[in-house]
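Numbered from 1 within each chain, the chains take letters A, B, ... in sequence-line order. The figures that follow rest on heavy atoms only: side chains count, while hydrogens, waters and symmetry mates do not.
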4 protein chains.
Amino acid sequence: MKALVKTDAGAGLELVDVPVPSIHPGEILVKVFAGGICGTDLHIYEWNPWARSRIRPPLILGHEFCGTVVESGAPASQVSVGDFISGEGHIACGQCHSCRNGAFHICERLQVIGVDRDGAFAEYVAMPAGNAWKLDATIPREVAAIMDPLGNAVHAALEDSLAAKAVAVIGCGPIGLMAIPVCHMAGAAMVVATDVSDHRLALARRMGADLVLDAKTEDVPARIREATAGQGVDVVLEMSGHPKGLRDGLGALRKGGWVSLLGLPSGEVAVDIADQVIFKEARLVGIFGRRMWRTWEQATALLNKGLDVTPIITHRLPLDRFEEAFALLKTGSAGKVILYV
Amino acid sequence: MKALVKTDAGAGLELVDVPVPSIHPGEILVKVFAGGICGTDLHIYEWNPWARSRIRPPLILGHEFCGTVVESGAPASQVSVGDFISGEGHIACGQCHSCRNGAFHICERLQVIGVDRDGAFAEYVAMPAGNAWKLDATIPREVAAIMDPLGNAVHAALEDSLAAKAVAVIGCGPIGLMAIPVCHMAGAAMVVATDVSDHRLALARRMGADLVLDAKTEDVPARIREATAGQGVDVVLEMSGHPKGLRDGLGALRKGGWVSLLGLPSGEVAVDIADQVIFKEARLVGIFGRRMWRTWEQATALLNKGLDVTPIITHRLPLDRFEEAFALLKTGSAGKVILYV
Amino acid sequence: MKALVKTDAGAGLELVDVPVPSIHPGEILVKVFAGGICGTDLHIYEWNPWARSRIRPPLILGHEFCGTVVESGAPASQVSVGDFISGEGHIACGQCHSCRNGAFHICERLQVIGVDRDGAFAEYVAMPAGNAWKLDATIPREVAAIMDPLGNAVHAALEDSLAAKAVAVIGCGPIGLMAIPVCHMAGAAMVVATDVSDHRLALARRMGADLVLDAKTEDVPARIREATAGQGVDVVLEMSGHPKGLRDGLGALRKGGWVSLLGLPSGEVAVDIADQVIFKEARLVGIFGRRMWRTWEQATALLNKGLDVTPIITHRLPLDRFEEAFALLKTGSAGKVILYV
Amino acid sequence: MKALVKTDAGAGLELVDVPVPSIHPGEILVKVFAGGICGTDLHIYEWNPWARSRIRPPLILGHEFCGTVVESGAPASQVSVGDFISGEGHIACGQCHSCRNGAFHICERLQVIGVDRDGAFAEYVAMPAGNAWKLDATIPREVAAIMDPLGNAVHAALEDSLAAKAVAVIGCGPIGLMAIPVCHMAGAAMVVATDVSDHRLALARRMGADLVLDAKTEDVPARIREATAGQGVDVVLEMSGHPKGLRDGLGALRKGGWVSLLGLPSGEVAVDIADQVIFKEARLVGIFGRRMWRTWEQATALLNKGLDVTPIITHRLPLDRFEEAFALLKTGSAGKVILYV
């Protein structure tokens with residue numbers, strides 16, 4: 001089968017022919033329909049320090065995907081041949097303290113599809129049956145391909161009640177963009193979005209942001225206070241991973257507010273703990289992956305209620321045009337890029 | 001001034017001339033614009049056992065209302081002459097354990113306007129400045145008159161997150177009806193509404209219920225399970241106060257779900273604690289009044305976001321047609337009845 | 001092997017010889033050390049209506065137990081031959097909505113050892129490896145036999161913070177008795193215990209209750225208000241399952257308090273929803289089984305910190321004196337009765 | 001009367017004679033019994049940058065104190081002449097968003113006794129009656145003088161449930177030291193304490209820490225993992241305000257854990273958001289002042305249950321030996337220093 005593979009330690013990827021994987025008991029074989037490219041994939045492509053320390057080539061990339069089950073080693077009660085599924089990329093061990101307390105998403109021995117084992121940028125992927133989320137025909141197939149990052153957005157946004165709250169989404173990559181309508185559907189009174197790209201700010205407006213701010217040129221905390229009768233926002237979703245993003249978000253947060261931290265900074269970030277956290281009694285919560293399976297139930301329910309995330313899909317390409325796809329991602333002007341297999 | 005007064009122990013009310021009240025320090029005098037009639041007012045009119053034990057005539061009725069401040073004994077930072085306000089009817093002492101912990105709405109020495117002191121079915125009402133909620137021009141004035149019951153609905157619905165949850169609203173009086181769009185705005189995946197009146201079920205549909213069930217003729221738990229893939233609802237808002245309403249709600253609740261109990265039963269209610277609460281690990285929460293002032297902030301934010309509760313106002317009458325207004329309420333076919341002063 | 005078996009539909013049990021069970025993949029075989037007799041076992045013995053509807057003879061009883069793993073069909077990372085374990089009697093399916101959200105204890109297809117499949121009042125029991133809780137030598141073996149009901153007590157008591165709270169434990173069977181020191185170790189300011197048996201009230205005092213009340217002769221709510229400066233308790237643990245117990249508990253609860261409902265009433269219970277739940281904004285939570293595995297971690301940590309529940313074990317008998325053991329239970333004057341295998 | 005006054009902008013304090021303050025309506029006059037010196041008082045003494053920006057001399061210092069009400073402008077239901085009280089130093093406005101939601105401790109217009117208005121290092125202090133916490137004779141008077149910092153410890157420790165949790169207290173100043181027994185009384189399974197002073201570590205041991213670690217010489221995260229079966233602690237109370245303290249705490253925190261941030265860093269702190277917060281899904285909560293009045297109720301209940309914080313009071317001096325008292329504080333080898341008036 002065709003597969004997009006990191007063949008050697010070093011930059012770049014290759015589209016090569018590999019055998020169709022075989023499955024173990026409890027696993028399923030999925031005929032991949034499409035997958036989304038994630039920042040993580042770009043890090044592996046570029047072979048950045050994190051990738052060097054984590055990835056053991058050869059490896060097939062791809063952890064955001066959907067497809068059809070074509071072979072199953074699991075009980076039919078769980079999943080059946082013919083089911084259309086979206087993949088949860090995080091495989092939990094089921095035995096550690098986190099798993100034994102139902103917090104599978106912070107499993108202490110977490111394995112990631114497309115990172116620690118072969119992924120889904122290929123015609124077929126083998127995966128644990130327990131990581132498949134069955135979908136009915138009401139969910140568009142290209143949306144099914146990006147339920148993993150949609151889940152990140154849902155997890156970050158629904159960490160606590162948003163009803164009647166003012167929210168700032170800091171950073172409008174695909175996850176930030178998807179978080180905007182999620183906040184509105186969860187009752188947010190106002191959603192402010194910030195980014196440094198005109199293109200992304202235009203998408204933010206299209207996704208329903210009530211106010212968009214260019215973080216390059218605007219004083220974000222000041223503008224947000226202006227828009228909230230001097231109060232600041234109740235909630236910040238930090239999706240940028242930039243030190244300035246976190247600073248803007250904390251600066252815009254009102255006393256007693258909370259922050260979901262999702263964007264991954266590349267190093268340590270200087271935080272004004274006294275003024276921005278302690279004096280405000282702010283609550284900062286790390287957000288990682290998706291709660292299994294609450295987040296998936298929530299995302300599915302919101303999609304069924306009318307959540308439309310298709311505007312963030314700016315490019316759709318076949319797998320063999322992967323170089324073009326990764327190049328688009330690097331420009332920063334793309335939303336989500338989908339690879340069709 | 002004209003006032004609607006319970007003049008003596010016994011059924012009925014009289015429209016009489018009384019002096020304009022004078023205010024004490026910390027109080028304001030409000031020129032009343034309009035008020036809503038509540039079930040409590042009907043109990044006082046009819047002089048039911050509760051009314052007999054609580055009410056000390058003569059008393060001016062009315063605790064849902066709005067109007068304009070015409071005199072103030074409070075600092076201008078708090079409220080000023082000319083402000084248009086809606087009244088919070090529950091006066092907290094500020095000194096008890098509940099108040100000292102910020103739970104003013106369950107004050108241990110709670111006093112109620114129109115129940116324990118003269119109310120607002122009159123040209124003027126004197127009240128503590130701290131019970132006034134200032135409104136800007138964006139809120140329609142007749143909605144301002146019923147922010148008290150809207151607050152009950154908001155308090156019950158936003159007790160916990162509704163995002164992506166299936167909700168049953170049991171009982172479609174004005175509070176139940178207003179809860180329907182509040183649930184949708186807070187992200188509910190589905191809202192089922194039940195009642196025994198065709199008229200109210202039609203209003204429930206108009207307020208956005210996805211499914212309406214006639215509790216007289218339908219097997220409510222069975223129909224709800226049918227509509228939820230056999231699971232039942234995640235959340236029940238018990239707004240009926242009827243034993244059968246509670247039974248229907250608990251019977252329709254899925255394992256791990258929660259219930260807001262707002263409807264006041266007239267006596268004890270038989271509950272199947274083992275099957276419906278313990279085996280389900282259900283959580284039942286009593287809902288009383290409105291959280292001061294979180295509920296008011298939430299209600300205002302939802303109204304500003306587009307919440308429209310005007311369809312539930314079915315009748316608008318001048319104060320001197322009060323007999324007609326109370327008669328309408330008794331029929332059970334009215335939504336909310338507003339008295340204009 | 002010897003086993004205590006419900007051989008036929010009808011009252012009574014028999015000690016009979018049966019084959020040692022064989023295990024399936026994922027299961028373990030446990031050489032039973034000892035087991036506790038539970039009210040459920042008594043219901044099965046007496047063949048009450050619930051037992052008639054649920055039990056399919058022949059069935060070996062026993063779901064509170066400990067023992068040593070002698071054969072394993074599970075990975076060594078999970079459990080090994082030679083491990084000393086206490087058994088979680090509730091087997092979760094892992095696939096339903098509750099399980100997929102980490103709420104294994106309210107699994108929609110729950111199976112119970114000793115109820116739905118053969119139990120542990122026998123020399124050996126076969127069970128899923130995932131239901132074994134490994135113990136080190138610090139936990140006394142007879143305590144290991146009753147970690148299931150201790151877990152019920154921990155689950156009920158630690159449902160929310162008890163720090164600096166006044167608590168009433170209503171009903172001093174073994175679970176209520178064990179809850180008393182758990183509350184104190186979790187920071188309760190005061191623990192009041194009620195029962196109708198002098199023997200149990202004496203045990204309650206021994207377990208550390210600050211005040212014990214005889215519910216037959218005392219006005220429980222009045223006495224509790226007296227002991228709490230007129231306020232009532234912040235928390236009620238309803239362990240009796242008696243209508244009067246619930247009434248006493250709710251009557252003693254302060255505004256804004258919460259109640260864990262654990263005792264199973266035999267039928268519907270009349271509740272004064274208006275006065276005792278709504279006007280108080282009380283929160284009532286059903287408590288079922290033990291959270292897997294948070295409750296077990298908590299119970300183990302408390303035992304390691306010095307929790308001593310041995311005073312509640314009033315009788316220790318060999319398996320073949322089971323008739324005597326069940327007779328003791330019926331008198332109501334026993335604490336926990338342990339059967340040694 | 002005698003009073004300890006910052007007379008001019010610049011370092012130092014003077015003991016001078018000033019008039020006894022007069023009270024306004026709603027205020028009380030308190031004959032001061034004793035007060036505790038806080039780090040904030042030292043900052044004002046030393047005239048550090050924060051003090052320069054905030055303090056307007058002349059000002060009487062002192063915000064941790066107790067004494068007897070000698071004159072009252074408040075209703076007797078609230079406080080009476082002759083009552084012995086401990087002072088809450090933070091004065092809330094009652095009108096802002098925080099106050100109107102019951103979060104008085106993060107009032108947006110907070111005023112602090114001894115910082116923004118004359119304090120209690122004097123024979124008499126005038127203060128709002130609403131800031132007095134009445135004490136009965138069961139609380140030792142010198143403990144009454146430091147209920148403000150004890151409240152900080154209680155607020156930080158009881159932010160969430162500690163039952164059966166492993167806790168690290170980072171920094172053993174008076175607040176950290178008092179937090180140790182509070183954690184144990186709230187059910188903590190283990191309390192580890194860290195500091196850089198041998199003297200303070202010895203006090204930590206005396207206050208009940210199960211393990212004390214010298215942060216100068218030990219690898220704190222490694223030692224804590226060692227002591228927790230490789231898992232790390234569930235909870236960190238950051239009481240040091242040092243960048244290394246926060247780093248140690250986060251490094252020792254297990255996945256899914258939470259952190260109370262109380263120690264005030266003097267500038268920005270570099271935080272490894274990705275590894276220590278996001279990948280762990282840690283929750284960081286700012287802790288400021290004391291919840292009014294929940295924290296006070298909790299502290300009083302714990303003292304009544306046997307909490308003994310007197311070992312941390314290392315020095316007791318009369319007001320006129322204030323120079324010696326401040327010198328002791330500067331050495332870092334004192335616990336709490338009390339000034340008797």
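Residues of residues 222-245 of chain A placed with any heavy atom under 4.5 Å of a heavy atom in chain D are listed by number as A:Gln231. Residues from residues 286-293 of chain A that place a non-hydrogen atom less than 4.5 Å from a non-hydrogen atom of chain D comprise A:Gly286, A:Ile287, A:Phe288, A:Arg291, given in numerical order.
The candidate with the highest count of non-hydrogen atom pairs below 4.5 Å against chain A, out of D:Ile273, D:Leu110, D:Asp275, is D:Ile273. Looking only at heavy-atom pairs under 4.5 Å with chain D, the residue among A:Asp272, A:Val269, A:Val285 that has the most is A:Val269. Comparing A:Leu246, A:Leu264, A:Ile106 by how many heavy-atom pairs each has under 4.5 Å with chain D, the most go to A:Ile106.
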Please walk me through it: do A:Gln276 and D:Glu268 pass side-chain contact (heavy atoms from CB on, under 4.5 Å)?
CA-CA 10 Å; A:Gln276 300 295 1; D:Glu268 293 193 330; over 6 Å; no

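At a 4.5 Å heavy-atom cutoff, A:Ala103 makes no contact with chain D through either its backbone or its side chain. For A:Cys107, the part lying under 4.5 angstrom from a heavy atom of chain D is the backbone only. Heavy atoms closer than 4.5 Å to chain D are found in the backbone of A:Leu262, but not in its side chain.
Checking side-chain atoms of D:Lys255 against main-chain N and O of A:Ser98 turns up no donor-acceptor pair under 3.5 Å.
Looking at A:His155 and D:Glu281, their side chains come closer than 4.5 Å, going by heavy atoms from C-beta outward.
Of the candidates D:Leu284, D:Ile278, D:Val271, D:Ile278 is the only one forming a side-chain contact (heavy atoms from CB on, under 4.5 Å) with A:Leu261.
Smallest separation of non-hydrogen atoms from D:Ala274 and A:Pro265: CB-O, 4.0 Å.
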